[in-house]
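Position 1 is the first residue of the sequence, and the numbers go up from there. Whatever order the structure lists ligands and atoms in, that order sets their numbers, starting from 1.
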Amino acid sequence: MILSPLAHQNPFRYTKIYAIETADVKPAGGMRLPSMIMMRYGMQTRYLVPGDYMADPSVHVFDGRVYIYPSHDRESGIAENDNGDHFDMRDYHVFSMDDVENGEVTDHGVVLDIKDIPWAGRQLWDCDVAHKNGRYYIYFPLKDKNDIFRIGVAIAERPQGPFIPQPDPIRGSYSIDPCVREENGEYYLYFGGLWGGQLQRYRDNKALESAAFPADDEPAIPVRVVKLSVDMLQFAEEPRPLIILDENGKPLRHGDNQRRFFEAPWMHTYKGVYYFSWSTGDTHLLCYATGSNPYGPFTYRGVILTPVVGWTTHHSIVEFRGTWYLFHHDSVPSGGKTWLRSLKVTELNYNPDGTIQTISGSG
Ligand code: FUB
């Protein structure tokens, strides 16, 4: 079967006309018969919540509906610094929709508030949600009363919340940006973030006396992966490093800041392959690596998204009704204020060899 795009687009916004030649419809002794089919054409990038500032979208499909779990940015007046103090968020909303490209986005309101979390200090950053046995678990990073990031859990009976927090953070948890992935009934939590995310303060899951970065030619600080307990409320094991290799099979080096992990882990699968993606932080790229199991190792493959307006870049990748989407954020609507970010979605496409087509952050 040969698909060849014709030189024109039809008047319908999201479709492109292709001619299709099929050997199997070739009449005896005659020419191949081109027949016309309509195929999707790339969607236009869409801001999802124009009336508020939301960032770090974690997106899942539950019961055939798309649910978005973002951070809720706000103007706190705190000056911008490398510690991320200006990201001073205090609650989470949930959003949902049944049509990513044109559908109405429902705001389910505040589903978890910092004032209801007993161990809270400050800063509710990027969260994620998992579904198990009819319950929904939100995993969220939050500084405790000693200004140390821990990961907490809150539970809901419905994907749109409200979520009731556990009295304490997960034992042995640290750093930021939890992302949960279910595989064959097991749930894996990926987490970590440098600089303000405090990952450089830990080695072998123990807190260091003070933060320590490797030399530029040493292996980069790895993101962590850990299996969750059956009740979803604790770690079932010690967190493990998730290693990302370069094209020569060597771990990415700390000085390779165009590629090494910084924050914003996300995991998805495509055609049986695991795709781990992340932000490079100070070089503002979303990158990905592929592997064959949830613990890795992974091999670096390329850039998903070039830099957006704003310092941070953060995403999730989800399939809905046969189309793949990149949900992410930028600071265009706030005029470049990096702590006031806006949710976006655009289509994500794969090449035939499974590599992801790079998307422009300025689109
Ligand atoms: O939203 C606060 C932090 O900014 C997130 O946890 C990071 O991933 C970055 O997007």
Note: heavy atom closest to atom 1 (O) of ligand 1, options D73, I176, D56, T338, belongs to D56
Would you list the atom pairs, donor with acceptor, under 3.5 Å between side chains in residues 225-236 and any protein atom, with sequence neighbours excluded?
| unit_1 | atom_1 | unit_2 | atom_2 | d |
| --- | --- | --- | --- | --- |
| S229 | OG | D231 | OD1 | 2.6 |
| S229 | OG | L233 | N | 3.4 |
| S229 | OG | Q234 | N | 3.1 |
| S229 | OG | Q234 | O | 3.1 |
| D231 | OD1 | L233 | N | 3.0 |
| Q234 | OE1 | R171 | N | 2.9 |

So the atoms of ligand 1 within less than 4.0 Å of a heavy atom of M89 turn out to be 1 (O), 2 (C)
Interatomic distance, CG@D128 vs CZ@R181, rounded to 0.5 Å, equals 10.5 Å
Atom 6 (O) of ligand 1: closest protein heavy atom, distance to 0.1 Å, is D177 OD1, 2.5 Å
Notebook entry, point to check: Do the side-chain N and O atoms of R224 and S175 include a donor-acceptor pair separated by under 3.5 angstrom?
Noted result: no
| query | With under 30° as parallel and over 60° as perpendicular, where do the rings of Y190 and F276 fit, or are they tilted in between? | reply | tilted
| Sub-4.0 Å heavy-atom contact, Q123 with ligand 1 | no
The answer for which part of H86 has a heavy atom under 4.0 Å from ligand 1 is neither
Applied to residues 160-179, the ring-ring contact (aromatic ring centres under 6.0 Å, His included) test, sequence neighbours excluded, yields Y174-F191, Y174-Y202
Can you confirm, on distance only, whether ligand 1 has an N/O atom lying under 3.5 Å from any N/O atom belonging to W125?
no
Under 4.0 Å between heavy atoms, the region of D126 that gets near ligand 1 turns out to be both
Return yes or no for this condition: an N or O of R341 is under 3.5 Å from an N or O of ligand 1.
yes
For Y288 and Y275, take the angle between the two ring planes, folded into 0 to 90°, and tell me which bin it lands in: parallel under 30, tilted 30 to 60, perpendicular over 60.
parallel
